[in-house]
A.B. asks: 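I have a structure here, written as structure tokens, and I will follow up with some questions on it.
A quick note: this is a predicted structure, and the numbers were derived from the prediction, not measured. Just so it is clear, the values below take in all heavy atoms, side chains as well, and ignore hydrogens, waters and symmetry mates.
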Amino acid sequence: QVQLVESGGGLVQAGGSLRLSCAASGRTSSNSAMAWFRQAPGKEREFVAAISSIGFNTHYADSVKGRFTISIDNAKNAMYLQMNSLKPEDTAVYYCAARSDPYYYTDWDDYDYWGQGTQVTVSS
């Protein structure tokens with residue numbers, strides 16, 4: 001089993017920045033692709049960003065491209081999401097997810113492990 005714990009959420013003004021972290025423990029592997037998803041109140045959960053563990057290829061939702069950056073640090077068993085130029089529509093609970101193989105996908109159900117989420121609130 002793999003446990004994922006997100007941190008770094010909070011309240012920020014529009015235009016500000018936050019850095020989310022996802023700490024992995026348990027039977028972790030450096031061959032795990034990882035991703036961020038989010039769910040805003042009253043909306044469906046949506047894909048935000050993903051990264052493969054081979055080549056560290058990344059993929060972003062159009063809504064965050066150019067503003068968010070996903071990265072992983074295998075030595076620390078951690079994944080990060082640097083969020084810049086935040087907008088009120090970025091307000092959501094952000095979840096990290098991990099797969100048991102190196103290739104990323106954009107669907108929640110394609111991942112094997114999920115964290116409990118961290119709240120991000122962007123005020124206008």
A.B. asks: Can you name the nearest heavy-atom pair linking Met83 to Leu20, along with the distance?
C.D. replies: CE-CG, 3.7 Å
A.B. asks: Does the Arg99 side chain pair with the main chain of Tyr104, one donor and one acceptor, at a distance under 3.5 Å?
C.D. replies: no
A.B. asks: Find out whether Phe68 and Thr58 are in side-chain contact, i.e. whether some heavy atom of one side chain is under 4.5 Å from a heavy atom of the other.
C.D. replies: no
A.B. asks: Determine whether the side chains of Ser53 and Asn31 contain a donor N or O and an acceptor N or O closer than 3.5 Å.
C.D. replies: no
A.B. asks: Got a donor-acceptor contact below 3.5 angstrom from the Thr118 side chain to the Gly9 backbone?
C.D. replies: yes
A.B. asks: Would you call Ser124 and Pro88 a side-chain contact if the rule is heavy atoms closer than 4.5 Å?
C.D. replies: yes
A.B. asks: Is Asp107 reaching over with its side chain to a backbone N or O of Asp109, donor-acceptor style, under 3.5 angstrom?
C.D. replies: no
A.B. asks: Taking the side chain as every heavy atom from C-beta outward, state whether Leu18 and Val120 have any atom pair closer than 4.5 Å.
C.D. replies: yes
A.B. asks: Please determine whether the number of non-hydrogen atoms from other residues, nucleotides or ligands lying under 6.0 Å from atom CD of Gln116 exceeds 12.
C.D. replies: no
A.B. asks: Within the distance-only criterion (no hydrogens, no angle test), does the side chain of Gln39 pair as donor or acceptor with the backbone N or O of Glu44 below 3.5 angstrom?
C.D. replies: no
A.B. asks: Centres of the Phe47 and Tyr60 rings: under 6.0 Å?
C.D. replies: no
A.B. asks: Can you tell me if Tyr95 uses its side chain to pair, donor with acceptor, with the backbone of Arg45 under 3.5 Å?
C.D. replies: no
A.B. asks: Give the minimum heavy-atom separation between Met34 and Cys22, together with the two atoms involved.
C.D. replies: CE-SG, 4.1 Å
A.B. asks: Are Ser7 and Ser21 packed together at the side-chain level, in the sense that at least one heavy-atom pair is separated by less than 4.5 angstrom?
C.D. replies: yes
A.B. asks: Is a side-chain donor or acceptor of Gln82 paired with a backbone partner of Arg19 at a separation under 3.5 angstrom?
C.D. replies: no
A.B. asks: Should we count NZ of Lys43 as having more than 12 external heavy atoms under 6.0 Å?
C.D. replies: no
A.B. asks: Any heavy-atom pair between the side chains of Val2 and Asp112 that's under 4.5 Å?
C.D. replies: no
A.B. asks: Would you indicate whether the side-chain heavy atoms of Asp73 and Tyr80 approach each other to under 4.5 Å?
C.D. replies: yes
A.B. asks: Is the shortest heavy-atom distance from the side chain of Asp90 to the side chain of Arg38 under 4.5 Å?
C.D. replies: yes
A.B. asks: Is the closest side-chain heavy-atom distance between Phe37 and Tyr111 below 4.5 Å?
C.D. replies: yes
A.B. asks: Is a side-chain N or O of Thr91 found less than 3.5 angstrom from the main chain of Val122, in a donor-acceptor match?
C.D. replies: yes
